[in-house]
Amino acid sequence: MGLSREKAIERILKTTEEKPILIQADAPGYAEPEKLSFYGGYNNKKYTPDVVINYEDHADFFAIESAINKKVLSDALPKWILFSSAAKKKNGMFYLVVDKGKRDAFLEVINSKQITARVIGI
């Protein structure tokens with residue numbers, strides 16, 4: 001069946017441990033997360049995190065991925081690097097939310113590319 005974006009976002013929002021000051025999510029009823037890019041500028045590729053949870057002293061970034069293959073990875077790797085970097089700048093963590101059955105494959109890619117992220121299988 002695969003990973004449902006809506007259910008993944010719902011699960012992320014239910015599991016926040018601290019009291020957030022702002023939740024941005026690609027879901028109805030939430031502010032849209034800010035688009036991020038490496039260098040800024042008009043022609044630069046922009047990526048939007050699925051969820052950003054802002055706390056008083058940090059912000060956590062979340063990306064939801066349902067598939068892992070060469071086509072997906074060519075676009076996903078720069079996105080993950082960018083989200084990881086943005087989370088570090090805000091003293092937070094980048095979480096990659098994936099299908100439980102594909103967690104090990106995603107972990108292998110994250111580790112081999114040395115991207116700072118926690119992989120959550122649901």
How long is the straight-line distance from [atom2] of [Y] back to [atom1] of [X], given to the nearest 0.5 Å?
{"X": "Thr116", "Y": "Ile110", "atom1": "OG1", "atom2": "CD1", "result": "9.0 Å"}
{"X": "Ser85", "Y": "Lys90", "atom1": "OG", "atom2": "NZ", "result": "11.5 Å"}
{"X": "Ser74", "Y": "Lys79", "atom1": "OG", "atom2": "NZ", "result": "11.0 Å"}
{"X": "Ile64", "Y": "Leu96", "atom1": "CD1", "atom2": "CG", "result": "9.5 Å"}
{"X": "Tyr47", "Y": "Phe61", "atom1": "OH", "atom2": "CZ", "result": "15.5 Å"}
{"X": "Arg103", "Y": "Ile68", "atom1": "CZ", "atom2": "CD1", "result": "12.5 Å"}

Report task. Kindly indicate whether the side chain of Lys14, heavy atoms from C-beta on, has any atom under 4.5 Å from the side chain of Glu10. Result ->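 Result yes, sub-4.5 Å side-chain heavy-atom pair found.
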
Query raised in the report: Can you tell if the side chain of Val98 reaches within under 4.5 Å of the side chain of Ile120, non-hydrogen atoms only?
Result: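 No, every pair of side-chain atoms sits at 4.5 Å or beyond.
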
Query raised in the report: According to a 4.5 Å side-chain heavy-atom criterion applied to Ile, Leu, Val, Met, Phe, Trp and Tyr, with indirect links allowed, do Ile21 and Ile12 form part of one hydrophobic cluster?
Result: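 No, because Ile21 and Ile12 fall into different hydrophobic clusters, even though each may have its own neighbours under 4.5 Å.
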
Query - Verify same cluster id: Leu77, Leu36 (apolar side-chain graph, 4.5 Å) - result: yes

Requested in this report: Begin from the C-alpha positions of Asp99 and Ile122 and carry the test side chain to side chain contact (heavy atoms under 4.5 Å, CB included) through to its verdict.
Outcome: CA-CA 5 Å; Asp99 186 278; Ile122 60 171; over 6 Å; no

Requested in this report: Measure across Lys45 and Ser37 and return the closest heavy-atom pair with its distance rounded to 0.1 Å.
Outcome: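 Heavy atoms only, the tightest pair is O-CB, 3.4 Å.
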
**Report entry** Over all atoms of both residues, closest heavy-atom pair of Asp60 and Gly92
**Finding:**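 Smallest interatomic distance, heavy atoms only, reads OD1-CA, 3.5 Å.
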
Query raised in the report: Hey, which of Trp80, Tyr95, Phe94, Phe83 is the one that makes ring pair (Phe, Tyr, Trp, His ring centres under 6.0 Å) with Phe62?
Result: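 With Phe62 as partner, Trp80, Tyr95, Phe94, Phe83 yield a single ring pair (Phe, Tyr, Trp, His ring centres under 6.0 Å), made by Tyr95.
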
Which side-chain N or O atoms in residues 22-35 pair as donor and acceptor under 3.5 Å with protein atoms at least two apart or in another chain?
| unit_1 | atom_1 | unit_2 | atom_2 | d |
| --- | --- | --- | --- | --- |
| Gln24 | OE1 | Asn54 | ND2 | 3.2 |
| Asp26 | OD2 | Arg5 | NH2 | 2.6 |

Query raised in the report: Salt bridge check: are Lys102 and Glu108 linked by an N-O gap of less than 4.0 Å?
Result: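 The answer is no: the pair does not qualify as a salt bridge.
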
